[in-house]
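Here the structure is laid out as structure tokens; the discussion comes afterwards.
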Amino acid sequence: MRNTSLKLAFKVLARRKVFTAISLVGITLTLVVLMVAATIFDNTFGAAAPESRIGRMLFVRVVGQYGPHSSNTSNAGYGFLQRTVRNLPGAENVSVYSEAFTAVIYERGRRIEGQLTRADGAYWQILDFRFVEGGPFSASDVEADRLVVVISETLRDKVFGRKNVVGRSLNIGGRSYRVGGVVAPVPPTRIAAYSEMWAPIGALSSEERAAFMGRFNGMVLARSRSDFRAMKREFASRVAREPIKDPKEYKEIRAGLDTPFEAFARQLTGNRQPRPALFLGSLLAGAALLFMMLPALNLVTLNLSRIMERSPEIGVRKAFGAPRRALVAQFVAENVVLTLIGGAIGFVLAFVFLRALDASALIPDSNFDLNLRVFGYGILIAVFFGILSGVYPAWKMSRLHPVDALRGGSL
Amino acid sequence: MITLKDIDKVYRTERVETLALHNINLDIAQGEFVSIMGPSGCGKSTLLNLVGLLDKPTAGTLTLDGQKINGAGDKVLARMRNEKLGFVFQSFHLVPDLTVLDNVEIPLLYRRMTAADRRKHALAALDRVGLGSRVHHFPTQLSGGQQQRVAIARAIVGKPSIVLADEPTGNLDSAMGDEIMSILEELNSKDQTTIVMVTHDDRFAERTSRTVRLFDGRQVA
């Protein structure tokens with residue numbers, strides 16, 4: 001973008017205050033919504049403690065059996081995970097843990113509900129929780145089925161109303177657990193780390209130990225993302241070897257060793273799409289595009305009327321030898337500058353909105369960060385928006401006949 | 001310098017066909033100051049637009065500086081306008097968002113030139129029309145005569161060999177009109193710039209070296 005185009009863009013915007021203000025309102029509101037969505041997306045699927053290594057993680061969350069007349073979808077069984085995710089090539093560590101479920105705490109006559117996750121020892125090695133008191137339980141605690149629990153700081157304050165609770169007992173579902181550690185709270189948007197209490201998987205029946213379906217998830221930490229493909233291939237071949245218990249009813253087993261977004265998409269689409277991430281990704285991108293289309297069309301209309309207003313200027317520039325390309329570049333530059341200003345304002349408003357969302361406790365323990373990565377998304381969205389709404393009017397403008405343009409023109 | 005041979009210009013709409021110019025033959029030598037006169041609607045501005053490569057003839061050949069224009073693409077025409085031609089319009093057509101200096105720089109934006117060089121040339125052109133002290137004003141802060149002087153500076157900043165002026169005094173009172181006419185005369189006599197000027201005013205036409213008269217799209221003198 002030439003300096004003169006930028007300089008002119010700022011001058012035009014500064015002198016056409018009403019147009020600039022109307023355009024900025026539309027652009028800013030759109031970008032606020034998109035940036036808030038991008039932040040929530042980033043805070044859900046992006047790397048942040050305790051899922052700092054999420055970029056190297058793969059998950060098995062959903063399995064299903066499918067036949068022409070019946071289908072059965074659920075979390076994975078312990079046995080299925082032992083058979084399919086243990087010793088995968090390229091795996092650095094593997095954990096099996098349950099989906100968080102509601103458990104009841106009885107404390108001094110009070111009944112308090114909280115989310116409980118059953119986990120193995122590897123869970124604490126893969127995820128980097130911040131312990132504010134004590135520490136995690138170990139593989140030997142899990143092996144010995146010791147009644148030890150790690151709780152979140154928020155739950156500690158709710159139950160005990162004080163610090164230094166390691167070693168105290170906690171009645172969960174009628175059994176007395178010893179508090180082994182307290183961790184900083186995790187918001188429900190985190191795919192693997194969210195819960196309020198974590199206890200060892202505990203003793204399982206032989207049936208549970210072999211089960212195909214159940215209440216567990218598998219989490220695999222790869223040595224590198226480049227191992228993903230081989231790991232997924234091996235996982236798929238292991239799934240293909242799984243026997244179908246009722247072949248009359250079901251013909252196919254479907255499960256995936258998924259990245260966090262793939263796992264989320266698979267769960268959301270009921271394990272029915274062959275490529276759930278592509279399906280959901282396209283759906284979200286389409287929705288975002290549609291959402292941008294309305295203000296973009298509005299801006300296109302505003303821009304077209306602005307071109308009419310500036311028609312003599314276009315005529316003059318053409319008369320003095322402006323090639324079409326230069327006119328298009330100038331107009332798109334003006335529009336991109338406008339949307340970038342909208343983006344900057346949107347960024348500030350999105351920050352304020354997210355702080356308010358955190359303060360409202362609408363999403364418990366949320367801590368939405370507008371980081372550099374989201375700022376990058378925001379810039380990309382703004383530039384895309386600017387080009388989307390600027391190219392067509394610029395193209396129309398560049399095609400104006402110079403004589404018509406000098407007379408005041410018609411598009 | 002400029003040769004028009006058997007030029008016709010027809011405007012067509014779905015229902016009407018209007019013959020704006022018919023059988024125009026004209027030779028303008030380098031350094032000439034030619035005025036074009038005639039009643040309203042006789043085709044003066046159309047002729048000027050054709051010479052200025054802003055429009056294309058329906059028939060006939062147009063040669064500019066030895067180069068035949070017929071069939072040239074938009075890119076070539078844009079480059080020729082930028083290098084060889086300068087325009088002065090009746091209603092000035094200054095860009096209101098830009099300062100006087102930025103307005104004068106416009107033709108140079110489409111040449112390979114540094115910002116410093118553009119500024120230097122623009123300041124020189126403004127000095128020449130006596131507006132060196134108004135460079136940071138906006139057009140609306142100037143009188144009509146001053147605005148037209150800025151437009152002349154813009155027309156000559158790229159040192160074109162031809163300046164086309166479409167009723168440059170039409171929106172000015174007679175004193176300011178005289179001032180503008182004097183600048184054009186000086187440009188013609190000192191720089192040997194070829195000037196083609198459309199005018200309604202006999203007083204100004206008499207000050208040019210030759211007058212072409214049009215009536216109903218035909219050349220009558």
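FYI, side chains are in, hydrogens and waters are out, and symmetry mates aren't considered; it's all heavy atoms of this structure. The chains referred to below are lettered A, B, ... by the order of the sequence lines, with proteins before strands, and numbering in each begins at 1.
- Interface residue I106(B): only side-chain heavy atoms are found under 4.5 Å from chain A.
- Of all non-hydrogen atoms in A78(B) and A322(A), the two that sit nearest each other are CB-O, 4.4 Å.
- For K56(B), the NZ atom sits in a packed shell: over 12 heavy atoms of surrounding residues, nucleotides or ligands are nearer than 6.0 Å.
- The neighbour count for R355(A) CZ, taken as heavy atoms of other residues, nucleotides or ligands under 6.0 Å away, is above 12.
- Put simply, the side chain of H93(B) gets close to the backbone of L406(A): a donor and an acceptor are under 3.5 Å apart.
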**Request:** Kindly determine whether Q330(A) and L109(B) satisfy side chain to side chain contact (heavy atoms under 4.5 Å, CB included), including the steps that lead there.
**Result:** CA-CA 11 Å; Q330(A) 181 200 323; L109(B) 290 176; over 6 Å; no
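- Sparse packing is recorded around CZ of F215(B), with 12 or fewer heavy atoms of other residues, nucleotides or ligands lying under 6.0 Å away.
- Contact check for R154(B) versus F320(A): side-chain heavy atoms found under the 4.5 Å cut-off.
- Minimum heavy-atom separation, L54(B) to V403(A): O-CG2, 3.6 Å.
- Between D74(B) and R324(A), the shortest heavy-atom contact is OD2-NH2, 3.1 Å.
- Of the listed residues G86(B), G52(B), P96(B), the one with more heavy-atom pairs under 4.5 angstrom with chain A than any other is P96(B).
- Looking at A326(A), the atoms closer than 4.5 Å to chain B (heavy atoms on both sides) all sit in the side chain, from C-beta outward.
- Within a 6.0 Å sphere centred on CZ of F351(A), heavy atoms belonging to other residues, nucleotides or ligands number 12 at most.
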**Request:** Mind running side chain to side chain contact (heavy atoms under 4.5 Å, CB included) on F89(B) and V316(A) for me, showing each step along the way?
**Result:** CA-CA 9 Å; F89(B) 305 100; V316(A) 164; 4.2 Å; yes
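- Rounding to the nearest 0.5 Å places OG of S45(B) at 8.0 Å from CZ of R407(A).
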**Request:** Starting from the C-alpha separation in whole Å, work towards a yes-or-no answer on side chain to side chain contact (heavy atoms under 4.5 Å, CB included) for H401(A) and D55(B).
**Result:** CA-CA 8 Å; H401(A) 193 282; D55(B) 211 347; 3.6 Å; yes
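- Here L98(B) is the residue among L53(B), L164(B), L85(B), L98(B) with the most heavy-atom pairs under 4.5 Å with chain A.
- For the pair P323(A) and Y110(B), the tightest heavy-atom approach, listed with the atom from each and the gap, is CD-CD2, 3.9 Å.
- Nearest heavy-atom pair, G321(A) versus N82(B), reported as atom, atom and distance to 0.1 Å: CA-CB, 3.8 Å.
- Atom CZ of F261(A) sits in a crowded spot, with more than 12 heavy atoms from other residues, nucleotides or ligands closer than 6.0 Å.
- K318(A) and R81(B) make their closest contact through O-NE, 2.9 Å (heavy atoms, listed as atom of the first residue, atom of the second, distance).
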